[in-house]
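Data block below; observations after.
Lettering follows sequence order; numbering is per chain, from 1.
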Amino acid sequence: MNIYVANIPFTSSVADLKERFEQFGTVTSAKIVIDKLTNRSRGFGFVEMADNSAGREAINNLNGSDFEGKSLVVNEARPKTDTQTGGYGNGSRGGFNSRW
DNA sequence: GCTGAGCGT
């Protein structure tokens, strides 16, 4: 269960996310996307959890919640390199891979 | 001592 976390404040780090998601389940790996060029946080990251149910719980609970004074955005991440059969094309927001 | 879209070295 990989989860996409956006609207992360720049004063936050991966340990904060990991802690925040460990409230709902076991976090396999958490990472904040740092821009390769500027070496600065882009404000979003990815959290991978062990249980899918815990991931759903974390999404439903942490999405839109208060995080460092800002509303956190938590969604399910789309597969980075997986069988993108069907082609979501240049899926900007909205198109999610419903693998449920 | 940088900045707020949003899907990753």
Quiz prompt | Closest non-hydrogen atom pair, A:Leu72 against A:Asn7 | solution = CD1-O, 4.0 Å

Quiz item: Which heavy atom in A:Gly45 sits nearest to a heavy atom in A:Ile8, and how many Å separate them?
Solution: N-CD1, 3.6 Å

Quiz item: Would you say A:Tyr4 stacks on B:dG6, if stacking means ring centres under 5.5 Å apart and planes within less than 30 degrees?
Solution: no

Quiz item: Nearest nucleotide by nearest heavy atom, which residue falls closer to the 5' end of DNA chain B, A:Lys36 or A:Arg42?
Solution: A:Arg42

Self-check item: Nearest-nucleotide comparison on DNA chain B, the residue closer to the 5′ end among A:Ser29 and A:Ser41
Solution: A:Ser41

Quiz item: Is there a donor and acceptor pair, one atom on the side chain of A:Asn7 and one on the base of B:dG6, closer than 3.5 Å?
Solution: no

Quiz item: Looking across every strand, which nucleic acid part, if any, lies under 4.0 Å from A:Ile32 by heavy atom: base, sugar-phosphate, or nothing?
Solution: nothing

Quiz item: Which is true for A:Leu37 with a 4.0 Å heavy-atom rule: it touches a base, it touches only sugar-phosphate, or it touches nothing?
Solution: nothing

What is the separation between atom [atom1] on [X] and atom [atom2] on [N], rounded to the nearest whole Å?
X: A:Phe44; N: B:dG6; atom1: CZ; atom2: P; answer: 10 Å
X: A:Asn2; N: B:dG6; atom1: CG; atom2: C1'; answer: 16 Å
X: A:Ile59; N: B:dG6; atom1: CD1; atom2: P; answer: 19 Å
X: A:Phe46; N: B:dT9; atom1: CZ; atom2: C1'; answer: 12 Å
X: A:Ile8; N: B:dA5; atom1: CD1; atom2: P; answer: 15 Å
X: A:Asp35; N: B:dC7; atom1: CG; atom2: C1'; answer: 14 Å

Quiz item: What's the base orientation of B:dG6: syn (chi within 90° of 0) or anti?
Solution: syn

Quiz item: Are any of the side-chain heavy atoms of A:Ile59 and A:Met1 separated by less than 4.5 Å?
Solution: yes

Exercise. Please identify each residue that fulfils ring-ring contact (aromatic ring centres under 6.0 Å, His included) with A:Phe24, with sequence neighbours left out.
Key: none

Self-check item: Candidates B:dT9, B:dC7, B:dG6 - which lies nearest the side chain of A:Val33
Solution: B:dT9

Self-check item: For A:Thr26, side-chain contact (heavy atoms from CB on, under 4.5 Å) partners two or more places apart
Solution: A:Ala50

